[in-house]
Amino acid sequence: MPKVSRRAVLTAGAVVSGALAFGAGEASAATEAFVITNVRIFDGKRVIDRGHVVVAAGRIVAVIDRGAVPAGLRVVDGHGKTLLPGLIDGHVHHTGPVRTDAPRFGVTTELDMVSNPAVHGPFQQQRRSYAPTANSDLWTAGWWATVPGGWGTDSGQTFPLVEPGTVPAEFVAARRAEGSDHLKLALEDVHLVTQQPIPVLSADQTTQLVAAAKRLGMPAVAHATRQSMARQGLRAGVTGLVHLFSDEVASADTVALARRSGAFVNPTLTLWSALESAANPASNAVVRDPRVAPYISATQRAFLETPWGFERPGLRTVSRNVKILHDAGVPITAGTDSGIPGIAHGVSLLVELELLVRAGLTPREALTAATATPAGVYGFTDRGRVKPGLRADLVLVDGDPTTDITALRGISAVWRNGAPVSR
């Protein structure tokens, strides 16, 4: 358990003054220094039973696990509550620059996994800023890598394809120039709706695309809902799988391959829940909760109430595969696939975390999958933990979600860059 010395506590006021001076260009009344007192702290990995967290100029200034409350600061009483890092949704789709739905449910960072990068506005500048904002921070794949006739080409959108003669390194460089932060590869050889075979990237193309992305410092992630395609991605060295296959139980060979590769898995259990039943019981249990329902926007409600036109079993197999891979030490990250029918930004991450716990993770492990783990695998150094110096994206929850994940439905307050988010 981390400790802060008595001297550090006594000089917290001086530390706050320094932080305010450092961030003076972006500080405002909305980022007034404050301290959250007597609160249970989940720091992204560990729990501090009772402590105080000092915030100033958009940053966490101090995490104090014992001793007196620093004097002279506005106080937020955390008694009986739990403080968490802002949550990270590792799989979303955005179609515009407004991203205000997710933060109301504690989701302060979103990883977009296919969209037009031109529609997001100055998203890269925003995520470097410590100014107050109602938006989530965004990282995006932009347009993904797929072949003519491959998965995603029947969406009605026109975007660059990996065609015969395409040089993989040039394709990836073009995505980087458009503003993409990571590369997503469509490894889908059977159409999810029609169940008919479709063209797909070859093993050689996959390997070359992944290598080109890594040379540019871009994570390379793969959409693969069949085990054979997931294995193709893992052999090529993908950074992670941003779906988990539903056609088969993970074989010992696949588990060993995942472990050797070091790849993470973002299983999107929420997607499989939505595909399995138009009634979507896992989602409905959350969104109908009186602690949740009043904060759902009309936009979120529209997504949640739009069913798929077909049903596809898979949740049980994917959940079993989560447990197998997790037990083998493969990193798990939380993601929803929000922005498609049945799934909404922000609120559906609460569903995902509950499904991860049902699949066999502990509540604390599920919370780590939405905080420290995605920050680590994507190389985010300013978020994902409650630690001094990091961005003050914070979520205050009634009760203890580290022992009862459903307590996360009872959000008490959210801060973005140290500024309160209106719920």
Side-chain angles (χ1 to χ4, degrees), residues 44-45 88 90-91 111 113 139 141 144-146 151 162 168-169 172 181-190 200-269 272 314 317-335 356 359-362 365-366 368-381 384:
K45 293 184 177 181
I88 300 171
H91 193 139
L111 293 162
M113 288 296 165
W139 274 257
W144 59 358
T146 190
W151 181 245
V162 180
V172 177
D181 298 294
H182 44 273
L183 178 71
K184 184 181 179 187
L185 298 89
L187 301 184
E188 193 75 83
D189 61 348
V190 173
V200 67
L201 293 164
S202 69
D204 184 61
Q205 287 173 317
T206 302
T207 298
Q208 290 192 53
L209 288 164
V210 170
K214 290 186 173 181
R215 283 195 297 270
L216 293 178
M218 298 171 68
V221 298
H223 166 119
T225 63
R226 288 164 54 83
Q227 182 165 213
S228 60
M229 290 288 95
R231 288 173 63 84
Q232 178 172 308
L234 292 170
R235 289 193 192 99
V238 293
T239 311
L241 302 175
V242 289
H243 286 300
L244 188 48
F245 47 88
S246 65
D247 61 326
E248 299 171 332
V249 174
S251 69
D253 287 347
T254 298
V255 175
L257 180 58
R259 289 192 63 185
R260 286 197 305 271
S261 73
F264 70 86
V265 171
N266 187 270
T268 61
L269 294 170
W272 295 109
T317 301
V318 177
S319 297
R320 185 174 175 185
N321 288 338
V322 168
K323 175 66 171 170
I324 291 169
L325 290 164
H326 172 70
D327 287 352
V330 175
I332 305 295
T333 67
L356 286 173
L361 275 66
T362 67
E365 289 168 341
T368 296
T371 54
T373 299
V377 298
Y378 282 96
F380 302 155
T381 59

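In this structure the side chain of P267 reaches within 4.5 angstrom of the side chain of L356, judged on heavy atoms. Under the 4.5 Å side-chain criterion, counting only non-hydrogen atoms from C-beta, V162 is not in contact with W144. Here the side chains of V221 and M113 are in contact, with some heavy-atom distance below 4.5 Å. L269 has its side chain within reach of S319: a pair of non-hydrogen atoms, C-beta onward, lies under 4.5 Å apart. Put simply, the side chain of L185 does not reach to within 4.5 Å of the side chain of H223, judged on heavy atoms. With a 4.5 Å cut-off on side-chain heavy atoms, T373 and I332 do not count as touching. Contact of the L209 side chain with the V172 side chain is registered, since non-hydrogen atoms from C-beta on lie closer than 4.5 Å. Looking at heavy atoms from C-beta onward, L361 lies in side-chain contact with H326 at the 4.5 angstrom threshold.
Among all heavy-atom pairs drawn from A145 and L201, the shortest one is O-CD1, 3.5 Å. Here the closest non-hydrogen pair linking L241 and A230 is CD1-CB, 4.0 Å. Between A369 and P374, the closest heavy-atom pair is O-CD, 3.2 Å. Looking at every heavy atom in both residues, A375 comes nearest to G384 through CB-CA, 4.0 Å.
Side-chain contact annotation: T268 with H243, donor-acceptor N/O pair under 3.5 Å present. Residues S251 and T254 have side chains that bring a donor and an acceptor to within less than 3.5 angstrom of each other.
In this structure, the side chain of E365 engages the main chain of T362 through a donor-acceptor pair within 3.5 Å. Within the 3.5 Å criterion, the main-chain N or O of V242 finds no donor-acceptor partner in the side chain of K184. Of the possible donor and acceptor atoms, none in the side chain of N321 sits under 3.5 Å from a partner among the backbone N and O of L244. Between the side chain of D247 and the backbone N or O of Q227, at least one donor-acceptor pair lies under 3.5 Å. Panel note: side chain Q208, backbone Q205; no donor-acceptor pair is recorded below 3.5 Å. For S246 (side chain) and V318 (main-chain N/O), no donor-acceptor pair under 3.5 Å exists by modelled atom type. Put simply, the side chain of T146 gets close to the backbone of W151: a donor and an acceptor are under 3.5 Å apart.
From R320, atom CZ reaches atom NZ of K323 across 12.5 Å, with rounding to the nearest 0.5 Å. Here CG of D181 is found 10.0 Å from OH of Y378. Values are rounded to the nearest 0.5 Å.
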Atom pairs and distances, donor-acceptor, side-chain atoms in residues 255-265, under 3.5 Å, two or more places apart:
| from | atom 1 | to | atom 2 | distance (Å) |
| --- | --- | --- | --- | --- |
| R259 | NE | A328 | O | 3.0 |
| S261 | OG | L257 | O | 3.4 |
| S261 | OG | A258 | O | 2.9 |
| S261 | OG | A263 | N | 3.1 |

Exercise. Dump the intermediate steps for side-chain contact (heavy atoms from CB on, under 4.5 Å) on V377 and T333, then the final yes or no.
Key: CA-CA 9 Å; V377 298; T333 67; 4.2 Å; yes

Quiz prompt | Verdict with reasoning, E188 to V200, per side-chain contact (heavy atoms from CB on, under 4.5 Å) | solution = CA-CA 6 Å; E188 193 75 83; V200 67; 5.5 Å; no

Quiz prompt | Residues R226, D189; criterion side-chain contact (heavy atoms from CB on, under 4.5 Å); working and verdict | solution = CA-CA 8 Å; R226 288 164 54 83; D189 61 348; 2.9 Å; yes

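By the neighbour-count criterion of 12 heavy atoms within 6.0 Å, atom NZ of K45 is sparsely surrounded, having that number or fewer from other residues, nucleotides or ligands.
H182 and W139 have their aromatic ring centers separated by at least 6.0 angstrom.
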